[in-house]
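In what follows, residues are counted from 1 in the order of the sequence shown. FYI, side chains are in, hydrogens and waters are out, and symmetry mates aren't considered; it's all heavy atoms of this structure.
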Amino acid sequence: MTSISQQSKMISELPNVPYPQANSIPRIIDSIHYLRESKNAAELAHSYGYAPRQGRYYGNALRFLNMAREEKGKFYLTTIGKKVEALPNSNERNKIIIEQMLNHKTIKLILDHTLRNNGNPDHSYNEYIIKENISSINSDETIHRRTETIESWINWILTVIE
């Protein structure tokens, strides 16, 4: 874990890609599989059986992780997305997903702080990191929801890394 975190690019968030609101990593992974063929948000939601707005949330989470791109209202897998889609549930697949997560400054900072805190999330600190680094999020309620997403991602990381 430490080596992946140390190699993080710590990129700032792209202004044209929404900060994620998709708490379930298994659903994100399922969405990768559903995008073997391009789909719009409604089709993606229908594939998984969730609400139409969640199709956009999960499609945008894949964009955030550089595993999908969006063109003319449809989501398409990127080279990284195709690579992850082709892998079975494995440490190799999980490592790629974690690397994509930790390339983001906010997620790396939150993970590092959680590790220093013996694996316990510090919700106030995490909200502060998101508020200070994501200028497009300006309401406390939205900051809270996005923080919950990142904390669920961190929890997933901690469950798959030994």
Colleague: Check the pair T147 / I110 against side-chain contact (heavy atoms from CB on, under 4.5 Å), numbers first and verdict last.
Modeller: CA-CA 10 Å; T147 301; I110 290 171; 5.7 Å; no
Colleague: Name all residues meeting the ring-ring contact (aromatic ring centres under 6.0 Å, His included) criterion together with Y19; count only those two or more places apart in sequence or in a different chain, and write none if there are none.
Modeller: F64
Colleague: Return the OH to CD1 distance between Y57 and I28, rounded to the nearest 0.5 Å.
Modeller: 13.5 Å
Colleague: Roughly how far apart are M101 CE and I157 CD1, rounded to 0.5 Å?
Modeller: 5.0 Å
Colleague: Restricting to pairs with a member in residues 41-50, which pass salt bridge (Lys or Arg N to Asp or Glu O under 4.0 Å), not counting sequence neighbours?
Modeller: E43-K74
Colleague: Flag the pair T79 / M67 as yes when at least one side-chain heavy-atom distance between them is below 4.5 Å, and no otherwise.
Modeller: no
Colleague: Would N120 and N117 count as a side-chain contact (heavy atoms from CB on, under 4.5 Å) if you check the C-alpha gap in whole Å, the side-chain angles of each, and the deciding distance to 0.1 Å?
Modeller: CA-CA 5 Å; N120 298 309; N117 202 27; 3.8 Å; yes
Colleague: Starting from I80, can I reach L102 by hopping between I/L/V/M/F/W/Y residues whose side chains sit under 4.5 Å apart?
Modeller: yes
Colleague: With sequence neighbours excluded, what pairs up with R145 under the salt bridge (Lys or Arg N to Asp or Glu O under 4.0 Å) test?
Modeller: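 Applying salt bridge (Lys or Arg N to Asp or Glu O under 4.0 Å) to R145 gives E141.
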Colleague: Between CD of E148 and CD1 of I130, what distance do you get to the nearest 0.5 Å?
Modeller: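 It is 10.0 Å, given to the nearest 0.5 Å.
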Colleague: Would you name the heavy atoms of W153 and A61 that are closest together and state the gap between them?
Modeller: CZ2-CB, 4.3 Å
Colleague: Please list, chain by chain and in numerical order, all residues satisfying side-chain hydrogen bond (donor to acceptor under 3.5 Å, both in side chains) with T142, sequence neighbours excluded.
Modeller: S139
Colleague: Mind checking salt bridge (Lys or Arg N to Asp or Glu O under 4.0 Å) for R56 and listing every partner two or more places apart, or none if nothing turns up?
Modeller: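 R56: salt bridge (Lys or Arg N to Asp or Glu O under 4.0 Å) contacts with E70.
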Colleague: I need the minimum non-hydrogen distance between L35 and A68, along with the two atoms involved.
Modeller: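 Minimum heavy-atom contact is CD1-CB, 4.3 Å.
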Colleague: Look up atom OH in Y128 and atom CG in L109, then write down how far apart they are to the nearest 0.5 Å.
Modeller: 10.5 Å
Colleague: Please say yes or no: joined through hydrophobic side-chain contacts below 4.5 Å, possibly via intermediate residues, are Y76 and Y34 part of one cluster?
Modeller: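 Shared cluster, no.
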Colleague: Output, in order, the C-alpha distance, side-chain angles, deciding distance and verdict of side-chain contact (heavy atoms from CB on, under 4.5 Å) for I154 and I107.
Modeller: CA-CA 8 Å; I154 299 295; I107 298 174; 3.9 Å; yes
Colleague: Heavy-atom distance under 4.5 Å between the side chains of V160 and I98, does that happen here?
Modeller: yes
Colleague: Partners of E71 by salt bridge (Lys or Arg N to Asp or Glu O under 4.0 Å), sequence neighbours excluded?
Modeller: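 So E71 forms a salt bridge (Lys or Arg N to Asp or Glu O under 4.0 Å) with R69.
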Colleague: Please enumerate all residues that pass ring-ring contact (aromatic ring centres under 6.0 Å, His included) together with Y58, with sequence neighbours excluded.
Modeller: Y50
Colleague: Go through the side-chain N and O atoms of T78 and N66 and say whether any donor and acceptor fall under 3.5 Å apart.
Modeller: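 Checked: T78/N66 side chains show no N/O donor-acceptor pair below 3.5 Å.
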Colleague: As an exercise, state the distance from CG of N23 to OG1 of T149, rounded to the nearest 0.5 Å.
Modeller: 3.5 Å
Colleague: Take N89 and N94 through the test side-chain contact (heavy atoms from CB on, under 4.5 Å) and record every step on the way to the result.
Modeller: CA-CA 8 Å; N89 183 2; N94 293 341; 4.1 Å; yes
Colleague: Who are the ring-ring contact (aromatic ring centres under 6.0 Å, His included) partners of H144, not counting sequence neighbours?
Modeller: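 H144: ring-ring contact (aromatic ring centres under 6.0 Å, His included) contacts with H123.
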Colleague: Can you tell me how far CD1 of I129 sits from OG of S124, rounded to the nearest 0.5 angstrom?
Modeller: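 So the OG of S124 and the CD1 of I129 are separated by 12.0 Å.
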Colleague: Quick one: salt bridge (Lys or Arg N to Asp or Glu O under 4.0 Å) partners of E151, sequence neighbours excluded?
Modeller: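 Result, salt bridge (Lys or Arg N to Asp or Glu O under 4.0 Å) vs E151: none returned.
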Colleague: Compare every heavy atom of L158 with every heavy atom of L115, then report the nearest pair and how far apart it is.
Modeller: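 Taking L115 first and L158 second, the nearest heavy atoms are CD2-CD2, 3.7 Å.
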Colleague: Just wondering, do Q54 and L44 contact through their side chains at under 4.5 Å, heavy atoms?
Modeller: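 Sidechains of Q54 and L44: no contact.
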Colleague: Does the S152 side chain pair with the main chain of I150, one donor and one acceptor, at a distance under 3.5 Å?
Modeller: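 Side chain of S152 to backbone of I150, a donor-acceptor pair under 3.5 Å: no, none is there.
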Colleague: Please enumerate all residues that pass ring-ring contact (aromatic ring centres under 6.0 Å, His included) together with H113, with sequence neighbours excluded.
Modeller: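 Only Y125 meet the ring-ring contact (aromatic ring centres under 6.0 Å, His included) criterion with H113.
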Colleague: Check whether any side-chain heavy atom of I97 lies under 4.5 Å from a side-chain heavy atom of W156, and answer yes or no.
Modeller: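 Counting from C-beta outward, I97 and W156 do come under 4.5 Å.
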Colleague: Do you know which two heavy atoms are closest between N60 and P18, and how far apart they sit?
Modeller: ND2-CG, 3.5 Å
Colleague: Donor-acceptor check, side chain of N40 to backbone of A42, threshold 3.5 angstrom: yes or no?
Modeller: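 Yes; at least one donor-acceptor contact below 3.5 Å.
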Colleague: Taking only residues two or more places apart in sequence or in another chain, which ones pass side-chain hydrogen bond (donor to acceptor under 3.5 Å, both in side chains) with E85?
Modeller: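 Once residues adjacent in sequence are excluded, the partners of E85 under the side-chain hydrogen bond (donor to acceptor under 3.5 Å, both in side chains) criterion are H33, R36.
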Colleague: Is N155 atom CG crowded by more than 12 heavy atoms from other residues, nucleotides or ligands, each under 6.0 Å away?
Modeller: yes
Colleague: Look at the side chain of K39 and the backbone N and O of F75, then say whether any donor-acceptor pair between them is shorter than 3.5 Å.
Modeller: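 A pair under 3.5 Å: no.
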Colleague: What residue pairs, at least two apart or across chains, pass salt bridge (Lys or Arg N to Asp or Glu O under 4.0 Å) with a residue in residues 118-140?
Modeller: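 Salt bridge (Lys or Arg N to Asp or Glu O under 4.0 Å) check on residues 118-140 returns no pairs.
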Colleague: Can you give me the closest heavy-atom contact between L65 and Q100, atom names plus distance?
Modeller: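 The pair with the smallest heavy-atom distance is O-NE2, 2.8 Å.
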Colleague: Where is the tightest heavy-atom contact between R63 and N16, given as atom of each residue plus distance?
Modeller: NH2-O, 2.9 Å
